Amino acid sequence: MLKKDELLHPKSCLNKAEADEPLFVLRAKDVLAPMAIRHWATMATGVHEPEKLAEAEALAKRMEDWHCQKFPSQATEG
């Protein structure tokens with residue numbers, strides 16, 4: 001989800017979190033974020049519904065695409 005959508009959507013993960021609940025945010029700028037998301041999805045299989053896992057995969061892909069657009073020289077180096 002885009003940052004602006006996450007902040008505006010009342011049912012977003014960020015907005016559903018308790019005020020004192022610890023969070024860990026992954027950003028597309030971090031080249032390791034898509035891999036971390038996919039690892040989470042693998043571990044979450046059987047724990048979370050398939051739609052949530054598909055959403056995670058789509059987000060990982062979207063992060064990779066965003067990173068390649070913003071940092072094309074890094075995309076060819078790795």
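As the structure is a computational prediction, the values presented were derived from the model and not from experiment.
Other residues sharing a hydrophobic cluster with Phe24 under the 4.5 Å side-chain heavy-atom criterion for ILVMFWY residues are Leu26, Ile37, Leu59, Met63. Chaining together hydrophobic side chains whose heavy atoms lie under 4.5 Å apart leaves Val25 on its own.
Residues that satisfy the ring-ring contact (aromatic ring centres under 6.0 Å, His included) test with His39, not counting sequence neighbours, are absent from this structure. Partners of Lys70 by side chain to side chain donor-acceptor pair (under 3.5 Å), not counting sequence neighbours: none found.
A side chain to side chain donor-acceptor pair (under 3.5 Å) check over residues 9-31, counting only residues at least two apart or in different chains, returns the pairs Glu6-Ser12, Ser12-Asn15. The list of salt bridge (charged side-chain N to carboxylate O under 4.0 Å, His left out) pairs with a residue in residues 40-66, not counting sequence neighbours, reads Arg38-Glu57, Arg38-Glu64, Lys61-Asp65.
Tracing side-chain contacts under 4.5 Å through hydrophobic residues (I, L, V, M, F, W, Y), one reaches Met35 starting from Val31; they form part of the same cluster.
Between the CG atom in Leu53 and the CH2 atom in Trp40 there is a gap of 5.5 Å [rounded to 0.5 Å].
Residues Ala56 and Ala41 come closest through the heavy atom pair CB-CB, 4.3 Å.
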